[in-house]
Amino acid sequence: MNAADSGPAAAGDRAATVRLDVWLWSVRLMKTRSAATAACRAGHVRRNGEPVKAAQRIVVGDELRIRAPGRERIIVVTRILTTRVGAPIARTAYEDHSPEPALQLAAAPPRRERGTGRPTKRERRALDRLRGRDSSRRDGGGY
């Protein structure tokens with residue numbers, strides 16, 4: 001037995017399978033287990049291309065696709081953890097094959113100077129174009 005086989009990380013990864021929501025929480029991909037469950041219910045998590053429920057068991061080698069605001073993470077399970085561990089240990093439990101996020105999402109959103117008031121219609125349309133939203137509606141806009 002070496003030093004890597006002892007400690008809390010080794011005690012938490014003895015199982016061959018684990019619930020998906022527990023694993024997402026334990027490897028720190030989700031802040032809470034209930035957030036992981038909610039993401040599964042909403043259809044934001046897929047295992048091997050199929051929608052998955054939070055209680056389904058995952059095994060080593062499963063590919064998980066997790067949709068988050070603005071990006072999709074592609075994770076391959078390399079280790080089963082049943083308890084929450086530190087970030088460096090958690091990082092060893094999966095391989096991240098996610099594409100880089102779009103530069104537009106990585107950049108800070110534009111900010112207005114304090115005290116300049118509300119944006120004019122022209123400024124609002126320019127901001128919408130910058131954010132990739134289409135402000136020119138064909139149905140005439142309005143309510």
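Throughout, residue positions are numbered sequentially from 1 according to the sequence presented. What you see below is based on every heavy atom in this structure, not just the backbone, and it leaves out hydrogens, waters and symmetry mates.
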query = Side-chain contact, heavy-atom cut-off 4.5 Å: R47 with E63?
reply = no
query = Any donor and acceptor pair, going by atom type alone, linking the side chain of S98 with main-chain N or O of I74 inside 3.5 Å?
reply = yes
request  = Report yes if some heavy atom in the side chain of V18 is under 4.5 Å from a heavy atom in the side chain of I58; otherwise report no.
outcome  = yes
key: Minimal non-hydrogen separation, A54 against C40, with atom names   = N-CB, 3.8 Å
query = Mind checking whether M30 and I66 have side chains closer than 4.5 Å, heavy atoms only?
reply = yes
request  = Would you confirm whether T78, through its side chain, and A93, through its main-chain N or O, come within 3.5 Å as a donor-acceptor pair?
outcome  = yes
inquiry  = If I take atom CD from residue Q56 and atom CG from residue D62, how far apart are they, to the nearest 0.5 angstrom?
reply    = 10.0 Å
query = Between the side chain of R84 and the main-chain N/O of W25, is any donor-acceptor distance below 3.5 Å?
reply = yes
inquiry  = Is there a side chain to side chain contact (heavy atoms under 4.5 Å, CB included) between L24 and R19? Walk through the geometry before answering.
reply    = CA-CA 9 Å; L24 289 172; R19 283 177 57 114; over 6 Å; no
inquiry  = Set out, in order, the CA-CA distance, both residues' side-chain angles and the distance that settles side chain to side chain contact (heavy atoms under 4.5 Å, CB included) for H97 and V76, then state yes or no.
reply    = CA-CA 8 Å; H97 297 287; V76 176; 3.3 Å; yes
ask   = Are the side chains of T92 and R79 in touch, meaning some heavy atoms are under 4.5 Å apart?
value = yes
ask   = Between D96 and I75, is any pair of side-chain heavy atoms under 4.5 Å apart?
value = yes
query = Can you list the steps and then say if T83 with S26 is a side chain to side chain contact (heavy atoms under 4.5 Å, CB included)?
reply = CA-CA 5 Å; T83 58; S26 64; 5.8 Å; no
query = Do the non-hydrogen side-chain atoms of R124 and R122 ever get within less than 4.5 Å of each other?
reply = no
request  = Examine distances only and state if a side-chain atom of E123 and a backbone atom of T120 form a donor-acceptor pair shorter than 3.5 Å.
outcome  = yes
note = The complete set of salt bridge (charged side-chain N to carboxylate O under 4.0 Å, His left out) pairs with one or both residues in residues 26-36, sequence neighbours excluded, reads D21-R33
message = Applying a strict under-4.5 Å side-chain criterion to I, L, V, M, F, W and Y, I'd like to know whether V22 and V59 cluster together.
response = no
request  = Calculate, to the nearest 0.5 Å, the distance between atoms CH2 and OG1 belonging to W23 and T82 respectively.
outcome  = 13.0 Å
inquiry  = I want to check something: taking the side chain as every heavy atom from C-beta on, are T37 and T32 in contact at a cut-off of under 4.5 Å?
reply    = no
ask   = Would you say R91's side chain and Y94's backbone share a donor-acceptor pair under 3.5 angstrom?
value = yes
inquiry  = Checking R67 now: which residues fulfil side chain to side chain donor-acceptor pair (under 3.5 Å) with it, not counting sequence neighbours?
reply    = H44
